[in-house]
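Structure, as structure tokens:
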Amino acid sequence: MINITLPDNSVRQFPEGVTGLDIAKSISEGLARNVLSIEVNNVVCDATRPIYTDAKVKLLTWNDAEGKATMWHSSAHLMAEAIEALYPGVKFGIGPDIENGFYYDIDFGDQPISSDDFGKIEKKILELARGKQNFVRKDVSKSEAINYFTSKGDEYKIELLEGLDDGSITFYESGKFTDLCRGPHIPDTGFIKAVKLLNIAGAYWRGDEKRKQLTRVYGVTFPKQKELDDYLVFLEEAKKRDHRKLGKELELFAFSQKVGLGLPLWLPRGAALRERLEMFLKKVQKKAGYEQVMCPHIGNVELYKTSGHYQKYGESSFRPISTPVEGEEFFLKPMNCPHHCEIYKVKPRSYRDLPVRLAEFGTVYRYEQSGELHGLTRVRGFTQDDAHIFCTPEQVKDEFKGVMDIVMLIFKALDFKDFIVQISLRDPDNREKYIGSDENWEKAERAIREVAIERNLNTVIELGEAAFYGPKMDFLVKDALGRKWQLGTIQVDYNLPERFELEYIGSDNQKHRPVMIHRAPFGSMERFVAVLLEHTAGKFPLWLTPDQAIVLPISEKYQDYANKVLNVLNNAEIRTLIDDRNEKAGKKIRDAELMKIPFMLVVGEREELDGTVSVRKQGHGDLGPQKIEDFIRFVQEEIKNELGEIH
RNA sequence: GCCGAUGUAGCUCAGCUGGUAGAGCAGCUGAUUUGUAAUCAGCUGGUCGGCGGUUCGAAUCCGUCCAUCGGCUCCA
């Protein structure tokens, strides 16, 4: 008998060779029907694999991320089997589970495939799933494995095998399909009740753009049809919130082929919104001791040679700008840091001056690959809410705190409630690849960790993810649909102060090198507005939204009163429009609802007599009549609540 | 940059196997004077992404370039 410890720390005895499924059955039949895989001593494996020693066991179901992963990985195999049945002779690359489903990279040879074929593949998958084929694990020798795939002509699998050690190779067999696979898998294909193939795309073999491009088929499966239906609704909702669509509908920004790809044009409403975001941050930063600076959009090539960016990115950037002077070259500014370093150097700095905090909404230009461009999230010209803090190594911690306070204020004002702080530190096994003294790194890494703990934030630490020039902290927000977006970033830099020979005179009257901190709480204005659009579905917080209210006169007779209301509100700094078209109230309301204007103020005979407006809240319906002054106070109060102390 | 799909009016989209373009919304004009998500009528609007080819004839077939979308690679 062996002792099995369950997650609630209860210990049960089972005979040697017990499987996860047996354990589940001993608890309840229902559980056994839902077990997808098990965790044995923190390693996920098949629920059908026998256990021979005492172990800590967790049964994994659809409610566990690892359980889902097992199911999706098995689904990739099942899809491969279906595709092999429909397209004999195809060759397989890899087929892993991913965050939302799975994919398989397949070489279809000269057989054409498109998303039109999804229907018949899905049908085949479900047909195979209903066969409840078991996933059978087999240990094979390397030569056996190579023989198998050689006879099948699967050169990709053979290449994968070459990288594996003999003795560690396993096959999984389900139905007519056998695959090189570490596992684990679900007990049988019967768990897969609903399937949706999502899209199809090219993908380089082993991620190498010099190698052959395979066809990647993406899909997702579920244990219940209802879950698939819910997922499809989610996809629909995400589509509705696409910032590119909303940006067009709400007239915030546009693109023009003539202007150039990846170069957004901010329309009046979008520009005003962006300006409000900037004003908000400027106010916050002023309080936090930042000083605004301004820099030109181009810089001499020497500046970027000093910073090192020319050597690293010069070739893949916008071509340099030449002048009538022989050999003189300028670059479009790809980042603001080198300019700010030069501002720091304008005069000698004393330790008493530090920290120096230089802020700029700096527009930069980067030549992103054409296929990379995407709405406002990936563009070739964008504006960073940039600032550089020059401080002593001892001040790093306090400066981090200060920046985090700013980020938190922003998240609050924009209603991002769910976020993760990701801290990127050195690779502990590879310390020599980092620039800067061990002592300073130590200090900064400790400071960052401590700040996160003191603020009690949901933190993940990524070892080895730091840039060669310093550790960093990124903020990942979850939007209203649970999707993760990277926004703000704080980055320590030991490199640029060195390259630009930045100095300050310490209390010991000696020269010292300051630490530089890059930080951008929004990331970029473009990206931030995009995320905000997708998060709010275009219903911005009241303080930020382009138009806060619209006056809707019932008919021309009430035009004068409507204009009076308009003036009073605009004088009270409530951004208000008027819809004086010759239309019925219903039409005006519908249009205002679609433009997502937070408050509609219907005025007619009654309102004119009483000096009121009938307030209708976007998405909520009629709130009834209010005195104009009451409405103003109400709006001002709402805004105060949203902005907190910044107002 | 690479693979695949797509490109018709300001927007959303029809247009079968080639026979010189159509709807709804928006816009304009007029009627209507309207009470919480679309009043009615008329009108305007397109070198069918660009260029080249096949054909008596091309939105439709072929080539090429451009752009968009989905991925891959990339992201200082």
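Numbers restart at 1 for each chain; the letters A, B, ... are given by sequence-line order, proteins then strands.
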[N]: pairing nucleotide in any strand, Watson-Crick or G-U under 3.5 angstrom:
N     : answer
B:G4  : B:C69
B:A38 : none
B:C56 : B:G19
B:C48 : none

Take atom [atom1] of [X] and atom [atom2] of [N], then tell me their distance rounded to the nearest Å.
X        : N     : atom1 : atom2 : value
A:Glu465 : B:C75 : CD    : P     : 12 Å
A:Lys210 : B:C72 : NZ    : C1'   : 14 Å
A:Asp105 : B:G4  : CG    : C1'   : 14 Å
A:Lys588 : B:A26 : NZ    : P     : 15 Å
A:Leu197 : B:G71 : CG    : C1'   : 15 Å
A:Tyr204 : B:G4  : OH    : C1'   : 12 Å
A:Glu368 : B:C75 : CD    : P     : 9 Å
A:Phe118 : B:G4  : CZ    : P     : 15 Å

- Honestly, is A:Arg211 close enough over A:Tyr204, meaning NZ or CZ under 6.0 Å from the six-membered ring centre and within 45° of the axis? no
Spacing of the [atom1] atoms in [M] and [N] (rounded, Å):
N     : M     : atom1 : answer
B:A21 : B:C16 : C1'   : 16 Å
B:C2  : B:C74 : C1'   : 12 Å
B:C65 : B:C28 : P     : 42 Å
B:U6  : B:G15 : P     : 14 Å
B:C69 : B:U36 : P     : 41 Å
B:C56 : B:G18 : P     : 15 Å
B:A67 : B:G30 : C1'   : 41 Å
B:A59 : B:G22 : P     : 13 Å

- Task: Determine, step by step, whether A:Lys472 and A:Asp474 satisfy the salt bridge (charged side-chain N to carboxylate O under 4.0 Å, His left out) criterion, reporting the C-alpha distance in whole Å, the side-chain angles of both residues, the deciding distance to 0.1 Å, and the verdict.
- Result: CA-CA 7 Å; A:Lys472 67 172 174 173; A:Asp474 292 312; 3.5 Å; yes
- Give me the residues of residues 329-342 of chain A where at least one heavy atom lies under 4.0 Å from an atom of RNA chain B, by number, or none. A:Pro334, A:Met335
- Hey, are A:Glu399 and A:Arg519 close enough for a salt bridge, meaning a charged N less than 4.0 Å from a carboxylate O? no
- Looking at CD1 of A:Ile200 and CG of A:Asp117, how far apart are the two atoms once the value is rounded to the nearest 0.5 Å? 7.5 Å
- Item | Residue-phosphate contact under 4.0 Å: A:Tyr218 side-chain N/O, B:C72 OP1/OP2 | yes
- So does A:Arg378 reach the base of B:C74 with its side chain, donor to acceptor, closer than 3.5 Å? yes
- Note on the structure: Letter by letter from the 5' end, nucleotides 65-70 of chain B scores (B base, S sugar-phosphate only, - none; protein heavy atoms under 4.0 Å) --SSSB
- Query: Going 5' to 3' along nucleotides 34-43 of chain B, which nucleotides have protein heavy atoms under 4.0 Å from the base (write B), which only from the sugar-phosphate (write S), and which from neither (write -)?
  - Reply: BBBBBB----
- 5′-ward residue of the pair A:Lys248/A:Gln213 relative to RNA chain B: A:Gln213
- Task: Output every pair passing side chain to side chain donor-acceptor pair (under 3.5 Å) with a member in residues 546-557 of chain A, not counting sequence neighbours, ordered by first then second residue.
- Result: A:Arg269-A:Asp547
- Query: Is the side chain of A:Lys539 donor-acceptor paired with the backbone N or O of A:Thr545 at a distance under 3.5 Å, no angle test?
  - Reply: no
- Spell out, as yes or no, whether a donor-acceptor pair under 3.5 Å connects the side chain of A:Glu534 to the backbone of A:His243. yes
- Query: Side chains of A:Ile389 and A:Leu358: does their closest heavy-atom pair fall under 4.5 Å?
  - Reply: no
- Query: Is there a side-chain contact between A:Glu360 and A:His340 (heavy atoms, below 4.5 Å)?
  - Reply: yes
- side-chain contact (heavy atoms from CB on, under 4.5 Å) partners of A:Asp107, counting only residues at least two apart: A:Lys91, A:Tyr156, A:Lys212, A:Leu214
- Message: Could you work out, with side-chain contact (heavy atoms from CB on, under 4.5 Å) as the rule, every residue matching A:Ser317, not counting sequence neighbours?
- Response: A:Tyr313, A:Phe331
- Query: In terms of the angle between their ring planes, are A:Phe631 and A:Phe634 parallel, tilted or perpendicular, with boundaries placed at 30° and 60°?
  - Reply: tilted
- Item | Geometric class of the A:Phe528/A:Phe522 ring pair [parallel <30°, tilted 30-60°, perpendicular >60°] | tilted
